[in-house]
Every structure is written in structure tokens, then in C-alpha cells.
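Here's the structure, in C-alpha cells; my notes come after.
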Amino acid sequence: MRLPLARRPVHAAPDADTPVIEFRGVGLTYPGPPPVEALRPCDLTVRRGEFLTMVGPSGSGKSTFLNVAGLLDTPTSGRYLLDGIDTGRLPDHARTALRGRRIGFVFQAFHLLPHRSALENVTLAMLYTSVPRAERLTRAREALRQVGLGHRADALPGRLSGGERQRVAIARALVGRPSLLLCDEPTGNLDSANAGSVLSLLDRLHTAGMTVMVITHDSEVAARGRRTVAVRDGALSEQVTS
Ligand code: ADP
């Protein structure tokens, strides 16, 4: 039996044809004064397995979008369905649980613990889950292999290149098996060679079926997406590529 969307439990696995992200008239106005319409009411559907980039200049509303899509902030208008779950109807603790379970975040700064190995950094992401310790280690090793760093599991972050550090951060985001990899300027701290290796990895993850969303001000990075949405003055518009 199919439950109505809003009644579907937070832990239920999504159907393959249920969009990962569905914005219906979602907007966010900061109250001010003066009020700032940082994200104008918009519709956006991201299907499972898509590689979507969002591009816009500074101040255009990218972080606001990321905060709403990542369940870090609540929209002031519209409905946001994540994996078919109507997030606006959830109490705070359920939103937090949903975020932890369904979204893997990758940020510009890698946020790795410097005195912990790559393996420990990835394993720690599962600390507050019910996954048993032995299974956590197995999954963390698997995630590191997925990002091409199986052989560097014992290395401290300081012994890794910037690109490798970001790949550890991506392994940490993947280890909880999220529905969505939400990346905020993932190459912003990297030189072009390392940026290229991280973007190739995101491309491989997409090819393997992961839903990837990259938010960036850099049009070259944005061009790596299969689909690009531009944001300007808080308004989203789909970029049509030939
Ligand atoms: P971007 O990430 O593209 O640089 P932001 O989403 O941070 O853009 O900002 C979009 C707009 O919202 C900007 O005009 C910014 O000044 C404004 N803004 C961001 N955060 C707040 C806030 N907490 N209160 C009021 N205005 C804000």
C-alpha cells in the first residue's frame, strides 16, 4: 500500500521514480527589516540519479537554496518534498534525522579532523547511528575505495593533497548511503588539477547512480553538470544546453 506522502515514515526507502528534491513554490524571505527575498518562490524537481549544477554570482541566493534544500533552514513559502516526504510537516527532530539519513554534504573547506586518519574521519560520520562498529569500519573502507583512496585509509589529512582530502570528505558524505550528495563549492579550495580529479569523481559517482548537486559561482564547474540551473537575484532559471 502506498502511504500519502506526508504520512510516509522518515526511514522508508524511496521509490526509484520519486524525485529526490521537489520544490513546489518554495521561497525564503529573511524578515529584516528590511525583508530580503533571498529565494523567490520556485518549482524545481531533481530526479534520482541526476547530476545537477546550480550557478550564480555572489549574493544571488545559492547559500539560501543550499540551506533550504539541505534542511538547514525552513522556507517561508511553498512545500519541499525530499524523497517524497513533505518536510514542512516534520517536527525539528524528524527534520534533523531526515537530513542525517538522506543528505551527504560536501563543503569547500573539507572539515576533516586533523589528528584522525582518513578511515577514522569517515567512520566517525556513523558515530550516532545504529550501525555496529565492525560494520562501520567495513562501510568506511568501502567508501574510501569508492573515492579511489582505499590505499590511503591510514593517512592523516595533513599527509594528503587537497584533492585527496576532499575525496575523504566525499567518502564521509557517502558512507551513510544518502539519497543526495549536496556539494557547496567542492573545488573552491583546490588547484585546477585537484579540482579536475574531484569533478571526475563526482561524475563517476553520478554514473554509478548517485544523485549529485553542485552549487558553485564557477561556470566551468557548472558546465560539468548534465543539467544546470542559474540563480540570479533569488530567481532560478533552467539553462538549456544543446
Ligand atoms: P550566495 O550564496 O549566492 O552568495 P546568499 O544566499 O548568501 O547568496 O544571499 C542571498 C541574498 O540574501 C543576499 O542579498 C544576502 O545579502 C541576503 N541574506 C543572506 N543571508 C541573510 C540573512 N540571514 N538575513 C538577511 N539577508 C540575508
Side-chain angles (χ1 to χ4, degrees), residues 19-46 50-82 87-88 90-92 95-96 98-100 102-111 162 165-166 169-170 172-173 178-192 194-195 198-199 202 206 211-241:
V20 177
I21 288 180
E22 200 173 350
F23 274 18
R24 298 184 189 162
V26 169
L28 192 151
T29 298
Y30 293 108
V36 177
E37 196 176 31
L39 183 65
R40 294 170 198 247
C42 64
D43 296 334
L44 179 74
T45 301
V46 180
E50 276 199 287
F51 184 171
L52 185 140
T53 49
M54 175 169 287
V55 65
S58 178
S60 57
K62 299 184 301 297
S63 306
T64 305
F65 175 89
L66 178 105
N67 290 340
V68 171
L71 295 177
L72 298 163
D73 215 340
T74 315
T76 46
S77 66
R79 287 175 73 195
Y80 170 23
L81 285 78
L82 173 64
T87 62
L90 299 175
D92 279 353
R95 280 170 63 83
T96 304
L98 189 67
R99 179 170 68 234
R102 307 288 173 117
I103 302 175
F105 289 95
V106 177
F107 297 105
Q108 175 170 346
F110 321 120
H111 299 303
R165 280 182 226 171
Q166 188 60 302
I170 292 172
R172 180 183 56 194
S179 297
L180 172 69
L181 204 55
L182 190 52
C183 311
D184 186 16
E185 300 285 4
T187 59
N189 271 349
L190 301 177
D191 61 28
S192 61
N194 278 307
V198 164
L199 290 171
L202 293 176
H206 155 69
T211 311
V212 180
M213 181 152 191
V214 172
I215 294 170
T216 181
H217 71 279
D218 182 334
S219 50
E220 275 185 42
V221 173
R224 300 291 291 255
R226 299 292 188 280
R227 183 182 162 203
T228 301
V229 171
V231 53
R232 186 167 286 273
D233 296 333
L236 306 189
S237 61
E238 192 96 14
Q239 289 197 330
V240 180
T241 47

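The chain is numbered in sequence order, starting from 1. Atoms within each ligand, like the ligands themselves, are counted from 1 in listed order.
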Look at [atom] and say which protein heavy atom is nearest, naming residue and atom and giving the distance to 0.1 Å.
atom                    : answer
atom 8 (O) of ligand 1  : Gly61 N, 3.1 Å
atom 2 (O) of ligand 1  : Ser63 OG, 2.5 Å
atom 9 (O) of ligand 1  : Thr64 OG1, 4.0 Å
atom 26 (N) of ligand 1 : Tyr30 CD1, 3.4 Å
atom 12 (O) of ligand 1 : Ala38 CB, 3.4 Å
atom 11 (C) of ligand 1 : Gly59 O, 3.8 Å

Per-atom contacts of ligand 1 with Pro57, taking only distances under 4.0 Å to non-hydrogen atoms:
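So the atoms of ligand 1 that pass are 3 (O).
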
Only heavy atoms of Ser60, strictly under 4.0 Å: list the atoms of ligand 1 that pass.
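It comes down to these atoms of ligand 1: 1 (P), 3 (O), 8 (O).
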
Just so I know, are the side chains of Asp184 and Gln108 near enough to count as touching, which here means a heavy-atom distance under 4.5 Å?
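Of all side-chain heavy-atom pairs linking Gln108 with Asp184, none is under 4.5 Å.
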
Could you check whether atom 15 (C) of ligand 1 has a protein contact, counting only heavy atoms that fall below 4.0 angstrom?
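Looking at atom 15 (C) of ligand 1, one finds that no protein heavy atom lies closer than 4.0 Å.
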
Kindly say whether Gly25 contributes a backbone atom to a donor-acceptor pair with the side chain of Asp43 at under 3.5 angstrom?
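Side chain of Asp43 to backbone of Gly25: a pair is present.
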
Does Gly225 offer a backbone N or O that forms a donor-acceptor pair with the side chain of Glu50 under 3.5 Å?
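Judged by distance alone, no pair lies under 3.5 Å.
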
Take atom CD of Glu238 as the centre, draw a 6.0 Å sphere, and report whether it contains more than 12 heavy atoms from other residues, nucleotides or ligands.
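Correct, the count exceeds 12.
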
Take the angle between the ring planes of Phe23 and Tyr80 and call it parallel below 30°, perpendicular above 60°, tilted in between.
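Ring orientation of Phe23 relative to Tyr80: perpendicular.
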
Specify whether Phe105 and Phe107 have parallel, tilted or perpendicular ring planes, treating 30° as the upper limit for parallel and 60° as the lower limit for perpendicular.
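Parallel: the ring planes of Phe105 and Phe107 meet at under 30°.
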
Could you tell me whether Lys62 and Glu185 make a salt bridge, using a distance below 4.0 angstrom between a side-chain N and a carboxylate O?
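Not counted as a salt bridge, because no side-chain N and carboxylate O are separated by less than 4.0 Å.
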
Polar-atom distance check: Val36 versus ligand 1, any N or O pair below 3.5 Å?
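By distance alone, the answer is no.
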
